[in-house]
Amino acid sequence: MSTPDSNAGTGTGSNGNYHPGPIPPPELGDIQALVFDVFGTVSDWRTGVVKRLAEVGRKSGAGPDVNWNEFVAEWRMGYMIHTRRIAEGGEGPTNTDELHRQLLDDLLDAPTSRWSHLSSLWGENERQQLVLAWHDLDGWPDSTRGLYELKKHYLLSALSNGSVRLLVVGKVWRLSVGCGVFDRDV
């Protein structure tokens with residue numbers, strides 16, 4: 001049975017609390033590089049985008065009863081549906097920012113959307129701020145430290161269905177591989 005401190009150095013103890021301290025390199029044989037998914041795995045996209053929505057909503061008078069978590073869930077679901085359609089050969093924007101903008105406009109401007117009441121509150125400036133929220137995401141509490149520890153022993157790369165532009169700012173990656181590298185900038 002492990003005690004809270006018996007997992008020190010692995011990032012978390014049995015109670016789920018973060019434990020500072022050196023993390024020994026894992027025994028991975030001849031592996032020299034590690035590749036990571038980014039959105040949701042290394043970065044907490046939901047919290048950052050919800051925070052930006054709440055800020056823009058507050059400044060524009062959206063009211064305190066808007067459920068920003070549900071808004072973000074619908075926005076992201078649209079992204080997932082669209083990227084799947086593109087992967088299967090469908091049509092539509094292949095640039096991540098353009099796609100986020102189109103999906104945001106769809107959520108706000110469709111007459112039957114439950115979010116249409118926000119449309120008149122958000123002009124071009126607010127909508128652009130919200131699209132850029134996807135560029136300013138924090139990592140999970142242990143991600144940055146863990147990645148820097150791993151970087152001491154391995155080459156690190158991000159592999160994402162997002163554009164490389166979303167992956168490079170302030171990150172630890174030696175290489176960022178987004179869809180644009182494969183002639184699909186979704």
Side-chain angles (χ1 to χ4, degrees), residues 2-59 67-80 83 95-101 103-104 128-182 184-186:
S2 66
T3 64
D5 291 326
S6 66
N7 289 328
T10 63
T12 59
S14 61
N15 61 0
N17 291 332
Y18 179 78
H19 288 280
I23 299 173
E27 297 298 325
L28 299 177
D30 293 333
I31 293 175
Q32 297 177 14
L34 303 174
V35 179
F36 292 85
D37 174 52
V38 178
F39 295 102
T41 306
V42 173
S43 65
D44 176 10
W45 62 264
R46 183 179 304 271
T47 300
V49 177
V50 165
K51 180 181 174 183
R52 182 71 60 87
L53 278 163
E55 289 170 5
V56 171
R58 187 182 68 255
K59 289 177 184 176
N67 188 327
W68 300 117
N69 283 299
E70 289 181 15
F71 187 99
V72 147
E74 287 185 39
W75 197 1
R76 184 66 174 173
M77 181 56 66
Y79 179 86
M80 300 306 289
T83 55
N95 174 280
T96 307
D97 289 339
E98 290 173 15
L99 176 56
H100 279 138
R101 177 55 187 266
L103 295 168
L104 177 62
Q128 188 59 27
Q129 286 179 47
L130 293 174
V131 167
L132 292 176
W134 296 94
H135 290 247
D136 188 26
L137 304 175
D138 292 328
W140 291 106
D142 59 350
S143 292
T144 301
R145 182 174 180 276
L147 289 170
Y148 276 104
E149 287 292 325
L150 289 169
K151 188 176 181 176
K152 294 175 184 176
H153 308 283
Y154 305 99
L155 300 173
L156 302 184
S157 175
L159 178 63
S160 176
N161 64 347
S163 67
V164 172
R165 180 177 173 204
L166 295 175
L167 302 176
V168 296
V169 178
K171 304 294 186 224
V172 299
W173 316 117
R174 176 75 60 94
L175 174 67
S176 294
V177 181
C179 292
V181 173
F182 300 106
R184 287 295 237 193
D185 189 21
V186 176

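Counting begins at 1 with the first residue of the sequence.
- Residues that satisfy the salt bridge (Lys or Arg N to Asp or Glu O under 4.0 Å) test with Glu70, not counting sequence neighbours, are Arg114.
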Worked verdict on Asp44 versus Asp138 for side-chain contact (heavy atoms from CB on, under 4.5 Å): CA-CA 6 Å; Asp44 176 10; Asp138 292 328; 5.6 Å; no
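- Scanning all heavy atoms of the two residues, the minimum distance from His153 to Glu149 falls at CD2-O, 3.4 Å.
- Arg76 CZ to Trp134 CH2: the interatomic distance, rounded to the nearest 0.5 Å, is 5.0 Å.
- At least one side-chain heavy atom of Phe71 sits under 4.5 Å from a side-chain heavy atom of Leu104.
- Counting heavy atoms from C-beta outward, Thr96 and Tyr79 have side chains that approach closer than 4.5 Å.
- In plain terms, the two heavy atoms of Tyr154 and Ile31 that are nearest each other are CE2-O, 3.4 Å.
- The shortest heavy-atom contact between Val42 and Leu147 is CG1-CD1, 3.5 Å.
- For the side-chain contact (heavy atoms from CB on, under 4.5 Å) with Asn69, the qualifying choice from Leu53, Val49, Val50, Thr47 is Val50, the only one to do so.
- Applying the salt bridge (Lys or Arg N to Asp or Glu O under 4.0 Å) test to residues at least two apart or on different chains, the pairs with a partner in residues 45-54 are Arg52-Asp136.
- Judged purely by atom type and a 3.5 angstrom limit, Trp75 uses its side chain to pair as donor or acceptor with the backbone of His100.
- What you find for Leu103 and Gly78 is that their closest heavy atoms are CD1-C, 3.6 Å.
- Under the side-chain hydrogen bond (donor to acceptor under 3.5 Å, both in side chains) criterion, Arg101 pairs with Asp105, Glu124, not counting sequence neighbours.
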